[in-house]
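Read the numbers this way: they start at 1 and go in the same order the structure lists the ligands and their atoms. Since the structure is predicted, the reported quantities are computational estimates derived from the model, not experimental observations. All heavy atoms count here, side chains included; hydrogens, waters and symmetry mates do not.
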Amino acid sequence: MAPSVLVVCLGNICRSPMGDAVLKHVAKERGLDLTVDSAGTSRYHIGEDPDDRTIAACRKHQVPILHSARQVTEEDYRRFTHILAADEANLRSLQQKKPRNATAEIRLWGSYLDNNPIQDPYYGGTRDFEECYQQCVHLSNAFLDEVVGKESQS
Ligand code: 4NP
């Protein structure tokens with residue numbers, strides 16, 4: 001099955017919409033047609049655009065970003081082959097809400113690279129958002145190396 005990915009953080013306005021945009025961009029650069037979306041474990045920011053600082057970091061690197069914040073749904077656990085959590089708290093929430101019929105592989109995104117979480121930049125500044133952007137690029141490459149590499153072998 002072609003991989004499809006849901007990137008998840010807490011608010012779905014900072015890290016996960018950035019991860020979503022970057023993963024789409026990196027996949028496109030590799031010539032891959034990958035389905036990618038993002039969602040939050042909380043309801044805090046449903047319907048909001050990404051944070052201005054997330055948009056600015058993506059724009060700076062010419063990565064298109066367009067998203068309206070939403071919460072993770074039960075259907076997401078079947079609709080996507082992979083659900084990638086930004087940090088351990090997000091991973092725990094995802095496991096707690098996981099329905100019985102879930103089929104997605106649910107992992108810390110960092111587990112494809114170095115096991116590090118994506119730190120929440122919400123209370124930080126421009127530099128934290130740039131770091132988050134760079135981490136999303138590395139994590140996107142690590143994810144595609146492992147998952148698309150595996151798929152192409154089978
Ligand atoms: P995100 O960042 O989970 O990367 O979207 C946050 C956004 C909002 C809040 C926390 C984290 N908040 O508490 O409102």
Side-chain angles (χ1 to χ4, degrees), residues 3-29 32 34-99 102-147:
S4 54
V5 186
L6 184 71
V7 184
V8 173
C9 65
L10 177 63
N12 193 213
I13 55 169
C14 298
R15 292 167 290 177
S16 62
M18 189 188 294
D20 170 357
V22 171
L23 180 55
K24 266 186 199 128
H25 183 74
V26 172
K28 199 173 168 191
E29 278 183 342
L32 299 169
L34 191 71
T35 299
V36 188
D37 193 9
S38 66
T41 57
S42 78
R43 303 179 49 82
Y44 303 152
H45 297 278
I46 292 174
E48 291 181 22
D49 289 341
D51 188 283
D52 288 345
R53 297 162 297 176
T54 282
I55 293 174
C58 287
R59 285 234 176 101
K60 181 179 161 197
H61 296 280
Q62 281 108 44
V63 171
I65 180 163
L66 184 68
H67 186 72
S68 178
R70 70 173 183 88
Q71 192 174 29
V72 177
T73 65
E74 286 209 349
E75 294 79 63
D76 287 329
Y77 289 84
R78 290 187 65 78
R79 217 153 54 83
F80 294 92
T81 59
H82 294 78
I83 301 181
L84 305 178
D87 65 28
E88 285 88 353
N90 309 144
L91 184 62
R92 278 194 299 275
S93 301
L94 283 165
Q95 296 290 6
Q96 278 163 9
K97 290 181 192 162
K98 181 175 145 183
T103 49
E105 182 164 0
I106 305 164
R107 280 171 61 167
L108 185 73
W109 198 358
S111 70
Y112 290 89
L113 183 65
D114 51 13
N115 279 321
N116 287 332
I118 307 176
Q119 305 284 356
D120 188 351
Y122 187 60
Y123 296 103
T126 307
R127 189 192 295 177
D128 301 287
F129 280 79
E130 175 63 22
E131 265 177 34
C132 181
Y133 174 86
Q134 297 297 342
Q135 196 175 359
C136 287
V137 172
H138 297 311
L139 291 172
S140 295
N141 279 305
F143 175 80
L144 293 173
D145 284 349
E146 182 166 330
V147 172

* atom 8 (C) of ligand 1: the protein heavy-atom neighbour that sits closest, reported with distance to 0.1 Å -> H45 NE2, 3.3 Å
* Structure fact -> Residues passing the salt bridge (charged side-chain N to carboxylate O under 4.0 Å, His left out) test with R79, sequence neighbours excluded, are D76
* To do: Look at the side chain of Q135 and the backbone N and O of P117, then say whether any donor-acceptor pair between them is shorter than 3.5 Å.
  => yes
* **Where ligand 1 meets C14 - atom numbers and elements under 4.0 angstrom, heavy-atom basis** => 1 (P), 2 (O), 4 (O), 5 (O)
* Apply side chain to side chain contact (heavy atoms under 4.5 Å, CB included) to V137 and H61, showing your working. => CA-CA 11 Å; V137 172; H61 296 280; over 6 Å; no
* **Heteroatom distance test (N12, ligand 1): nitrogen or oxygen, under 3.5 angstrom** => yes
Side chains of residues 108-115: which donor-acceptor partners sit under 3.5 Å, not counting sequence neighbours?
| unit_1 | atom_1 | unit_2 | atom_2 | d |
| --- | --- | --- | --- | --- |
| W109 | NE1 | L139 | O | 3.3 |
| S111 | OG | R107 | NE | 2.9 |
| S111 | OG | R107 | NH2 | 3.3 |
| S111 | OG | L108 | O | 2.6 |
| D114 | OD1 | N116 | N | 3.0 |
| D114 | OD2 | N116 | ND2 | 3.2 |

* To do: Number the atoms of ligand 1 from 1 as they appear, then name those within less than 4.0 Å of a heavy atom of G11, with their elements.
  => 1 (P), 3 (O), 5 (O)
* **Backbone of V7 reached by a side-chain donor or acceptor of D20 within 3.5 Å** => no
* Asked: At what distance is the nearest protein heavy atom to atom 1 (P) of ligand 1, and which residue and atom is it?
  -> C9 SG, 3.5 Å
* Asked: Does any N/O atom on P121 come nearer than 3.5 Å to any N/O atom on ligand 1?
  -> no
* In the protein, which heavy atom is nearest to atom 2 (O) of ligand 1, and how far is it? -> D120 OD1, 3.3 Å
* Answer yes or no: are there more than 12 heavy-atom neighbours, outside K98 itself, under 6.0 Å from its atom NZ? => no
